[in-house]
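Proteins come first, then strands; the chains are lettered A, B, ... in the order of their sequence lines, and each starts at number 1.
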Protein chains: 2
Amino acid sequence: MLSKKTKYGIKALTYLARLEDKTPVQIATISKSENISLKFLESILLTLKKNGFLASKKGKGGGYYLLKEPNEIQMTDVMRILEGPISMIPCVSLNFYEKCEDCPDENACAVHKLMAEVRDSSLQIFRNTTLADLCNC
Amino acid sequence: MLSKKTKYGIKALTYLARLEDKTPVQIATISKSENISLKFLESILLTLKKNGFLASKKGKGGGYYLLKEPNEIQMTDVMRILEGPISMIPCVSLNFYEKCEDCPDENACAVHKLMAEVRDSSLQIFRNTTLADLCNC
DNA sequence: TTAAACCCTATAGATTTAGTAGATTAATAA
DNA sequence: TTATTAATCTACTAAATCTATAGGGTTTAA
């Protein structure tokens, strides 16, 4: 299951990407527009900021704004930061690899084989989709 | 993330599918061979039985055995029963559809669009993969 | 009598999804 | 310059749910 964190994060990013100008937008504005719990959104935007997607301005007239161009933001990166591994199982993960304790031989493992295929196809979609692609719905 | 339930379920199914004859296999045998907690495996095999993949024989000399041929067991069915929806989000699920409360228009939703693509590609893999395909690793 | 599946319940731990309270920073009005 | 206000930031807490087992008793068949 996709976490609400990721869902809300993507929604917030597309909200910002759809705007004409790049003046800061308050958390509360996005929160109301997208029906997202304000404090939860706050923490999500913070992690997006820490990972270089967004920047913020404090104080009166402050808010968040996109740092990169929408077509430069790949979904692989967004997913990995908000959701974690693309793979459904650590033993096929490229960025978060971990060996299964119970599995003596990965090459003989049916689950490994199946999940590697799923990872490949998901990865291809996330790589070929940018924030810009998601904006024109 | 793939649950251990699904992982163990698939491993147990492949274990049975790889056998020459169809004599019942005890839970404990599979449990030891695949390093799966016995009681957990018990409940997994039970749900696989209730859903028509396995049959069991009680008492001495009893155990579990495959009901269908491995090439008749699609991964879509196994995944839906053990893991639940193929989709990462209910609003794109074919079998477990649910509307998002926060989302006024699915067609304008970036998350919906992205996750629909992911579902399609995953579904294609699970449909085209049977238990027989996973056995020859 | 024994060995196996079956059934029911409980539970520790992790994760998710927030909520609460206050600190910090910056623009603006007095 | 000072006070006020509006915004982000930080830290702690908490409820709810899910996961992965463990335990113990029941039923069935060789």
task = Using the test side chain to side chain contact (heavy atoms under 4.5 Å, CB included), find all partners of A/S33 that sit at least two apart in sequence or belong to another chain.
result = A/Y15
message = Going by the rule side chain to side chain contact (heavy atoms under 4.5 Å, CB included), which residues pair with A/K58 if we only count those two or more places apart in sequence or in a different chain?
response = none
task = Kindly write out the residues that satisfy side chain to side chain contact (heavy atoms under 4.5 Å, CB included) with B/L38, not counting sequence neighbours, or none if the list is empty.
result = B/I27, B/A28, B/S31, B/E42
note = Residue pairs meeting side chain to side chain donor-acceptor pair (under 3.5 Å), one or both in residues 118-129 of chain B, sequence neighbours left out, come to A/S121-B/S121
query = What pairs with A/D105 under side chain to side chain contact (heavy atoms under 4.5 Å, CB included), at least two apart in sequence or on another chain?
reply = A/N107, A/A108
query = Does anything in residues 24-41 of chain A reach DNA chain C, meaning a heavy atom under 4.0 Å, and if so which residues?
reply = A/S37, A/K39, A/F40
message = Please give me every residue in residues 84-96 of chain A whose heavy atoms get under 4.0 Å of an atom in DNA chain C, ordered by residue number.
response = none
ask   = Once Watson-Crick and G-U wobble pairs under 3.5 Å are found, how is DNA chain C written in dot-bracket notation, 5' to 3', with | for any base paired to another strand?
value = ||||||||||||||||||||||||||||||
query = Atom NZ of B/K5 and atom C1' of C/dA14: how far apart are they, to the nearest Å?
reply = 18 Å
task = Run the salt-bridge test on A/K4 and B/D102 with the 4.0 Å N-O cut-off and return the result as yes or no.
result = no
request  = May I ask you to test the B/M1-A/P90 pair for a side-chain heavy-atom distance under 4.5 Å?
outcome  = yes
Residue pair B/Q26 / B/G62: nearest heavy atoms and the distance that separates them = CG-O, 3.8 Å
ask   = Which part of the nucleic acid, if any, lies within reach of B/L45 when heavy atoms closer than 4.0 Å are counted: base, sugar-phosphate only, or nothing?
value = nothing
message = Checking B/V78 against B/F53 for the side-chain contact (heavy atoms from CB on, under 4.5 Å) test, could you report, in this order, the C-alpha distance in whole Å, the side-chain angles of both residues, the deciding distance, and whether it holds?
response = CA-CA 9 Å; B/V78 176; B/F53 296 104; 4.2 Å; yes
message = Strictly by side chain to side chain donor-acceptor pair (under 3.5 Å), give each pair with a member in residues 73-87 of chain A just once, sequence neighbours left out.
response = A/S3-A/E83, A/T6-A/E83, A/Q74-A/T76
inquiry  = Using a 4.0 Å heavy-atom cut-off, does A/K49 contact any base of the nucleic acid, only the sugar-phosphate backbone, or nothing at all?
reply    = sugar-phosphate
remark   = Contacted region of DNA chain D by chain B, from 5' end to 3' end of the hits, cut-off under 4.0 Å to heavy atoms, spans D/dA20 to D/dA30
key: Nearest-0.5 Å distance, NE2 of residue A/H112 to CD of residue A/E106   = 4.5 Å
task = Specify the separation, in whole Å, of atom CD of A/E42 and atom C1' of C/dT24.
result = 13 Å
NZ/A/K32: more than 12 non-hydrogen atoms of other groups inside 6.0 Å = no
query = Hey, which of these two, B/K50 or A/T6, hits DNA chain C nearer its 5' end, going by closest nucleotide?
reply = B/K50
query = For every nucleotide of nucleotides 25-30 of chain C, 5' to 3': is a protein heavy atom under 4.0 Å from its base (B), only from its sugar-phosphate (S), or from neither (-)?
reply = BBS---
key: Shortest non-hydrogen contact from B/A55 toward B/L67   = CB-CG, 3.7 Å
message = B/L13 vs B/L54, test: side-chain contact (heavy atoms from CB on, under 4.5 Å). Steps then yes/no.
response = CA-CA 9 Å; B/L13 284 173; B/L54 300 177; 3.9 Å; yes
task = For B/Y8, check ring-ring contact (aromatic ring centres under 6.0 Å, His included) against everything at least two apart and list the hits.
result = B/F40
task = Please round to the nearest 0.5 Å and tell me the distance separating atom CE of B/M88 and atom CE of B/M115.
result = 5.0 Å
inquiry  = With a 4.0 Å limit, can you tell me whether A/S3 has a side-chain N or O closer than that to the phosphate oxygens OP1/OP2 of C/dT15?
reply    = no
